[in-house]
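Here's the structure we're looking at; comments come further down.
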Amino acid sequence: MGWPYNFSNEEISILSALAELSAIAIEKARLYERVVDVEEQLRQNEKLSALACWLLRSPTKSAIRSRL
């Protein structure tokens, strides 16, 4: 095999397709990670919201509201 190697059109097509699929897989992984992060933030917000509702319904809600 001589150097420099000349890739055939078929090899170039295959490597280009592989590169495109790799880029898509990386982007999908990044998007999935963002979805997981947002879901966790939503769960935390729901917990805080439930706690706030519970506190505002408690017998001392007038004291709590006056602090807000």
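Predicted, not measured: the structure shown is a model, and the values here were computed from it. The figures that follow rest on heavy atoms only: side chains count, while hydrogens, waters and symmetry mates do not.
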Mind checking the [atom1]-[atom2] spacing from [X] to [Y]? Nearest 0.5 Å is all I need.
X	Y	atom1	atom2	value
Ile24	Leu31	CD1	CG	11.5 Å
Phe7	Ser13	CZ	OG	12.5 Å
Ser49	Leu42	OG	CG	11.5 Å
Glu20	Leu15	CD	CG	11.5 Å

Listed once per pair and sorted, the side-chain hydrogen bond (donor to acceptor under 3.5 Å, both in side chains) pairs that draw on residues 31-46, sequence neighbours left out:
Glu40-Arg43, Glu40-Gln44
